Amino acid sequence: MSAWLCPLLWSLTMVCLTGALSCSCCLQGACTAPGACSPCPPGQHQPQGGQPSCLPCPRGSYTSFPRSSVCLPCPPGHFANESGAAACRACEPGYFSSKQNAAFCLPCQPGSFCNTSGCSGCRPCPGGQEAPREAAETCETCPAGTFKGASDNRCKACSTGEYQLQRGKESCELCPENHYCPSPDVKPVKCPPDAFCPRGSVEPTYCMELFLYKAGDSCQLTPATVIVLATFSAGGILVVFLIILRSRQEPGRSSLKSPLLSRGSGLGCYGGTEHTEPVYAGW
C-alpha cells in the first residue's frame, strides 16, 4: 500500500492509509471518505474524529458552517421542523415559540396576537379589542353594545339595563333615570309621561289603567276604583252585622220554646186523656 502524509494542520505524527475507510488523523468536525478526509457540510456535524460519515442536526437545531462538531439550538421565535437544517426559520405572524430547540411554532391563543414574524410570545389584546380566533395577527375592535376589560379575553354584551353606543370600549353605561334601554346598542329612549323608568330600565312600567293612575312617583287609585271598593266594603260590613244580629236572636227563640215543651210533654193529663196535644202561646 502507498501512503501519504496528512496535512500538517491536521496532524504531524499520524499517517493516513490510502483506501482506508477511516482516517484517524482527521480533526473533529470532519468525516472521512475512502482515501481522504472531508469536512461535514452545513446542517451536519461530527463530534468525533475518524468517523465514516457526518450526523444530521436533529430537529430544533442547526449549523450553518461546514466542519461543525456541534449543532446550535434554534433561538426562541424560530424553529427547524426537519433534521439536517442549515438555518432555523422564523415563526410566522400569529405563531410563536417561547423556548429553544423548537421543532414547530404554536398558534397564539384567542385573546392574544402577534403581528410580526419571529415572536417568542403573544401579546394580550388591549381593553376594547379582542382576538376571537387563534393564530391572530391583529386584534378586532369590540362592536357597539359590547365591551371588554383589560383582563377579559372576549368582547361581552352589555348587561340588561345598560348600553354602549361607541366601539372599542372597556365598559357599558347604566341606562339613566326617566329613560329605558330596549337594546344595548340603541340610544336611551325617553320615558312616556304616564310611565315609570328608574335607572337601568329596559322598558317603561305603567300603572294598572283601570284601577290606578300615575301621580308623581307613585300610582294612585282612580275615583271609580275608590267608589267600587267603598261599595264592596259597605256591603261586607252590612253582611257581617246581619250575621252577628241573627246569631244573637237564636238563643232567645230557644228559651221561649223550652218551658212550653216541658209543660205539654209531662205524664200528667187532663180529663183522663193520656195523650194531649201541647198548647203553644204566641205561635
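Side chains included, hydrogens not; waters and symmetry mates left out as well; all remaining heavy atoms used. Since this is a predicted model, take the numbers as computed values, not measurements.
- Cysteines Cys139 and Cys125 place their SG atoms closer than 2.5 Å to one another.
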(request) Under the disulfide (SG to SG under 2.5 Å) rule, what do Cys122 and Cys114 come out as? Steps first, then yes or no, please. (result) CA-CA 5 Å; Cys122 300; Cys114 171; 5.6 Å; no
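- Nearest heavy atom pair, residue Phe65 against residue Ser68, reads O-OG, 2.7 Å.
- Scanning all heavy atoms of the two residues, the minimum distance from Leu174 to Gly200 falls at CD1-CA, 3.7 Å.
- One distance of note links CD of Gln129 with SG of Cys142; it measures 7.5 Å at 0.5 Å rounding.
- Across all non-hydrogen atoms, the minimal contact from Thr160 to Val202 is CG2-CG2, 3.1 Å.
- Contact check for Cys197 versus Pro204: side-chain heavy atoms found under the 4.5 Å cut-off.
- For the side chain to side chain donor-acceptor pair (under 3.5 Å) test, no residue two or more places apart in sequence or in another chain qualifies with Ser201.
- Among residues two or more places apart in sequence or in another chain, the salt bridge (Lys or Arg N to Asp or Glu O under 4.0 Å) test is passed with Arg133 by Glu140.
- Proximity of Pro176 to Pro188: side-chain heavy atoms (C-beta onward) are separated by under 4.5 Å at one or more points.
- Panel note: side chain Ser97, backbone Gly77; a donor-acceptor pair is recorded below 3.5 Å.
- Residues satisfying the side chain to side chain donor-acceptor pair (under 3.5 Å) criterion with Gln166, sequence neighbours excluded, are Lys169.
- In this structure the side chain of Gln164 reaches within 4.5 angstrom of the side chain of Cys158, judged on heavy atoms.
- Residue pairs meeting the side chain to side chain donor-acceptor pair (under 3.5 Å) criterion with at least one partner in residues 100-119, sequence neighbours excluded, are absent.
- Between Gln51 and Ser53 there is no side-chain heavy-atom pair separated by less than 4.5 Å.
- For the salt bridge (Lys or Arg N to Asp or Glu O under 4.0 Å) condition, the pairs that include at least one residue of residues 146-166, sequence neighbours left out, are Glu130-Arg154, Asp152-Lys156.
- Applying the 4.5 Å side-chain rule to ILVMFWY residues, one finds that Leu55 remains a lone member of its cluster.
- With a 6.0 Å radius and a threshold of 12 heavy atoms from other residues, nucleotides or ligands, Glu170 has its CD atom above the threshold.
- Closest approach of Cys40 and Gln46 over heavy atoms only: SG-CB, 3.6 Å.
- In this model, Cys91 has its SG atom no nearer than 2.5 Å to the SG atom of Cys119.
- Through side-chain heavy atoms spaced under 4.5 Å, either directly or across other Ile, Leu, Val, Met, Phe, Trp or Tyr residues, Leu106 is tied to Phe96, Phe104.
- Every side chain to side chain donor-acceptor pair (under 3.5 Å) that Ser183 has, sequence neighbours left out, goes to Asp185.
- The SG atoms of Cys71 and Cys57 sit under 2.5 Å apart.
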Donor-acceptor contacts under 3.5 Å from residues 78-85 side chains, at least two apart:
unit_1 : atom_1 : unit_2 : atom_2 : d
His78  : ND1    : Pro76  : O      : 3.4
Asn81  : OD1    : Arg89  : NH2    : 3.2

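- Residue Val189 shares its hydrophobic cluster (ILVMFWY side chains chained together at separations under 4.5 Å) with Tyr180.
- Gln44 contributes atom CD, which lies 14.0 Å from atom CZ of Arg67 (distance to the nearest 0.5 angstrom).
- Looking at every heavy atom in both residues, Arg59 comes nearest to Ala103 through NH2-CB, 3.6 Å.
- Residues Phe113 and Cys108 form no side-chain contact, since every pair of their non-hydrogen atoms from C-beta on lies 4.5 Å or further apart.
- The shortest distance between side-chain heavy atoms of His179 and Cys191 does not fall below 4.5 Å.
- Residues satisfying the salt bridge (Lys or Arg N to Asp or Glu O under 4.0 Å) criterion with Lys99, sequence neighbours excluded, are absent altogether.
- Summarising the hydrophobic clusters (Ile, Leu, Val, Met, Phe, Trp, Tyr; side-chain heavy atoms under 4.5 Å, direct or chained), the residues clustered with Leu165 are Tyr163.
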